[in-house]
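Working notes, beginning with the structure itself.
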Amino acid sequence: MMSTDARDQALGRLGEVRERFAARLRLRLAELGELVEAAQRQASRGQLAEAVGAAHRLAGTAGSYGYVEVGEAAAGLERALQRIAGGEDEWAAALDALARARRRGE
Amino acid sequence: MREIQKVLLVDDDEDIRVIGEMALSAVGGWTTVLARGGQEAIEVAATEQPDVILLDVMMPGMDGPTTLRGLRERPATATIPVVFVTAKIQRHELQRYRDLGALGVIGKPFDPMGLPKTLRELVQRSWAAETRGS
């Protein structure tokens, strides 16, 4: 069981790391957008795999910082990109999920 | 009761390492060591001898399951408990991870304030089972 002081200190540190992440989130979303657009333009397996990886990482990370809706949108983007990799035409769903992640991350 | 003293957190995502380290050290009160990938994890685990390893499943290069096999093959790290951290937990995968020798699985995203409690429960349940079995 944490003491009140220790809990307050932990919450203070959590606030600091969340603040730093908020600035990084915009950058991560911009990078993710570039990867998705490049994958759509070039339709190469390598580009697609890179975009899937970036969406997967953001899905796990954003929610841990309290950006639950960004994380859920990134998870939706990951699933859509995986279906595209499997041969389905899911670009509309992927771009919609990307737009949702960007809106929630603003 | 035996307590966790040191945790090794392995994740390729810097932002997860930052918030995980904050949770484990500031909330859990444990010494936390970090690794960015599987090979580094095996080296750090051998040197630091953590009480438990929190291991990301999907990492470029050496993924979590391959890293776990590497840890189990080396005498210095063979018995260190490993808990997987993953964004995808499905029932069949959970069983597969346990079959590989993982103590359990923690889902991503995680609540940083609650992570140490979840980890402590998993590890202490395993230590209690060991004590009963010995």
Side-chain angles (χ1 to χ4, degrees), chain A residues 1-29 31-32 35 46 49-79 81-82 85 101 104-105, chain B residues 1 3-4 7 9-32 34 36-38 54-64 83-90 93 105-121 124:
Chain A
M1 190 75 175
M2 290 180 86
S3 70
T4 308
D5 276 359
R7 189 177 167 77
D8 286 349
Q9 272 184 14
L11 284 170
R13 276 203 61 196
L14 180 60
E16 287 167 22
V17 297
R18 275 185 174 152
E19 213 168 290
R20 283 203 297 273
F21 179 75
R24 285 180 49 77
L25 179 59
R26 284 185 209 103
L27 189 66
R28 286 186 69 151
L29 283 165
E31 284 169 356
L32 180 61
L35 284 171
E50 222 177 308
V52 169
H56 174 83
R57 282 192 296 278
L58 188 61
T61 307
S64 301
Y65 279 89
Y67 289 88
V68 176
E69 288 172 328
V70 175
E72 286 171 354
L77 173 60
E78 182 192 1
R79 285 192 297 274
L81 292 172
Q82 281 172 332
R104 301 299 182 191
Chain B
M1 188 185 279
E3 247 294 356
I4 296 171
V7 181
L9 171 64
V10 187
D11 204 298
D12 62 312
D13 190 309
E14 187 189 349
D15 289 318
I16 283 289
R17 293 197 303 275
V18 168
I19 198 154
E21 194 273 336
M22 188 291 301
L24 298 167
S25 59
V27 183
W30 305 319
T31 300
T32 308
L34 303 170
R36 287 164 293 187
L54 265 178
L55 181 59
D56 184 27
V57 171
M58 270 186 71
M59 294 185 290
M62 191 184 281
D63 67 8
V83 174
F84 278 128
V85 186
T86 179
K88 288 179 184 168
I89 312 182
Q90 289 176 356
E93 285 172 330
V105 180
I106 290 176
K108 273 191 210 169
F110 54 78
D111 166 19
M113 296 303 284
L115 177 67
K117 183 172 181 278
T118 308
L119 185 60
R120 184 183 289 113
E121 284 169 359
Q124 289 193 333

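Quick caveat, the model's predicted, so the values are computed rather than measured. Proteins come first, then strands; the chains are lettered A, B, ... in the order of their sequence lines, and each starts at number 1.
Residues B:Asp13 and A:Arg28 have side chains in contact (heavy-atom distance under 4.5 Å, counting atoms from C-beta outward). For the pair A:Phe21 and B:Ile19, the minimum side-chain heavy-atom distance is 4.5 Å or more.
Of the two parts of A:Arg24, only the side chain, counted from C-beta on, holds a non-hydrogen atom closer than 4.5 Å to a non-hydrogen atom of chain B. Using a 4.5 Å cut-off between heavy atoms, B:Asp15 contacts chain A through both its backbone and its side chain. Of the two parts of B:Ser25, only the side chain, counted from C-beta on, holds a non-hydrogen atom closer than 4.5 Å to a non-hydrogen atom of chain A. Using a 4.5 Å cut-off between heavy atoms, A:Glu16 makes no contact with chain B at all. Of the two parts of B:Asp12, only the side chain, counted from C-beta on, holds a non-hydrogen atom closer than 4.5 Å to a non-hydrogen atom of chain A.
No donor-acceptor pair closer than 3.5 Å links the side chain of A:Ser64 to the backbone N or O of B:Pro109.
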Show every donor-acceptor pair shorter than 3.5 Å between a side-chain atom in residues 6-13 of chain A and any protein atom, with sequence neighbours excluded, or say none if there are none.
from    : atom 1 : to      : atom 2 : distance (Å)
A:Arg13 : NH2    : B:Glu21 : OE1    : 3.3

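To the nearest 0.5 Å, atoms CZ (A:Arg57) and NZ (B:Lys108) are separated by 9.5 Å.
Within 6.0 Å of CZ in B:Arg36 there are 12 or fewer heavy atoms belonging to other residues, nucleotides or ligands.
Counting heavy-atom pairs under 4.5 Å between each of B:Asp11, B:Asp111, B:Val27 and chain A puts B:Val27 at the top. Contact tally against chain A (heavy-atom pairs below 4.5 Å) for B:Thr86, B:Asp56, B:Ile16: the top residue is B:Ile16.
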